[in-house]
Amino acid sequence: MAGPAGTEMGVRAGGRAGGYSRLEQEGAEGAAEDKIKIKIKTLDDSKSWEVTGEGSWTVRQLKDHLKSAYQLENQRIRLILLGRMLEDSHTLASCGLKDGDFVHA
């Protein structure tokens with residue numbers, strides 16, 4: 001997306017209907033095969049976890065991994081990136097998640 005005088009601007013889509021354009025904006029082709037380290041924090045910052053996954057994982061697979069690795073089987077998990085709730089069917093790469101990102105749960 002071009003800003004004033006042709007400069008590049010980052011994309012921060014609002015709401016769930018905004019799409020996942022951050023990955024396209026940053027040109028991260030082939031990210032689906034890359035290992036990514038994600039930091040996950042609860043909304044009240046009482047707990048945090050660091051998870052290494054792959055860009056090809058779906059959001060559902062990440063949630064399942066969290067549930068089994070951190071004994072959260074009875075918890076409902078919602079993951080939020082840049083103010084958007086991540087859809088279970090999307091891959092981490094298509095959501096624009098990259099190494100070192102923070103996600104709220």
Side-chain angles (χ1 to χ4, degrees):
M1 176 183 291
T7 61
E8 290 292 317
M9 291 176 35
V11 174
R12 188 171 190 167
R16 293 169 69 180
Y20 298 106
S21 56
R22 179 173 147 187
L23 178 68
E24 295 167 9
Q25 184 69 20
E26 294 176 359
E29 295 178 10
E33 279 112 40
D34 293 340
K35 296 260 184 202
I36 53 176
K37 192 177 291 186
I38 305 163
K39 296 172 184 148
I40 300 173
K41 294 168 55 171
T42 57
L43 289 174
D44 62 2
D45 289 333
S46 64
K47 295 181 182 176
S48 64
W49 304 278
E50 194 167 284
V51 177
T52 301
E54 296 186 21
S56 61
W57 283 10
T58 63
V59 172
R60 166 56 61 199
Q61 288 173 303
L62 176 60
K63 289 178 181 181
D64 290 343
H65 176 76
L66 285 171
K67 286 181 178 186
S68 65
Y70 300 104
Q71 293 77 40
L72 303 172
E73 286 83 13
N74 297 326
Q75 303 291 321
R76 180 175 177 187
I77 298 174
R78 290 184 221 157
L79 300 177
I80 301 168
L81 174 68
L82 297 174
R84 295 178 313 207
M85 189 167 71
L86 302 181
E87 300 288 336
D88 285 348
S89 62
H90 289 95
T91 65
L92 301 182
S94 70
C95 294
L97 276 165
K98 57 184 182 167
D99 196 48
D101 276 350
F102 278 93
V103 175
H104 283 95

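Annotation for Ser56 and Gln61: closest pair O-OE1, 4.1 Å, computed over non-hydrogen atoms. The shortest non-hydrogen separation linking Leu43 to His104 is CD2-CB, 3.6 Å. In terms of heavy-atom proximity, Asp88 sits nearest to Lys63 at OD1-NZ, 2.6 Å. Between Ser89 and Thr58, the shortest heavy-atom contact is O-CG2, 4.1 Å. Considering every non-hydrogen atom in both Lys41 and Ser48, the closest pair reads CG-CB, 3.8 Å. Among all heavy-atom pairs drawn from Leu79 and Ala105, the shortest one is CD2-CB, 3.9 Å.
Between Tyr70 and His65, the angle of the ring planes goes over 60°, which puts this pair in the perpendicular group of the 30/60° scheme.
Using a 4.5 Å heavy-atom threshold, the side chains of Leu92 and Ile38 count as touching. In this structure the side chain of Ile80 never reaches within 4.5 angstrom of the side chain of Phe102, judged on heavy atoms. A 4.5 Å side-chain heavy-atom check between Lys67 and Gln75 finds every atom pair outside the cut-off.
Annotation: side-chain hydrogen bond (donor to acceptor under 3.5 Å, both in side chains) contacts of Arg78 (sequence neighbours excluded): none.
A distance of 11.5 Å separates CD1 of Ile77 from OG1 of Thr42, quoted to the nearest 0.5 Å.
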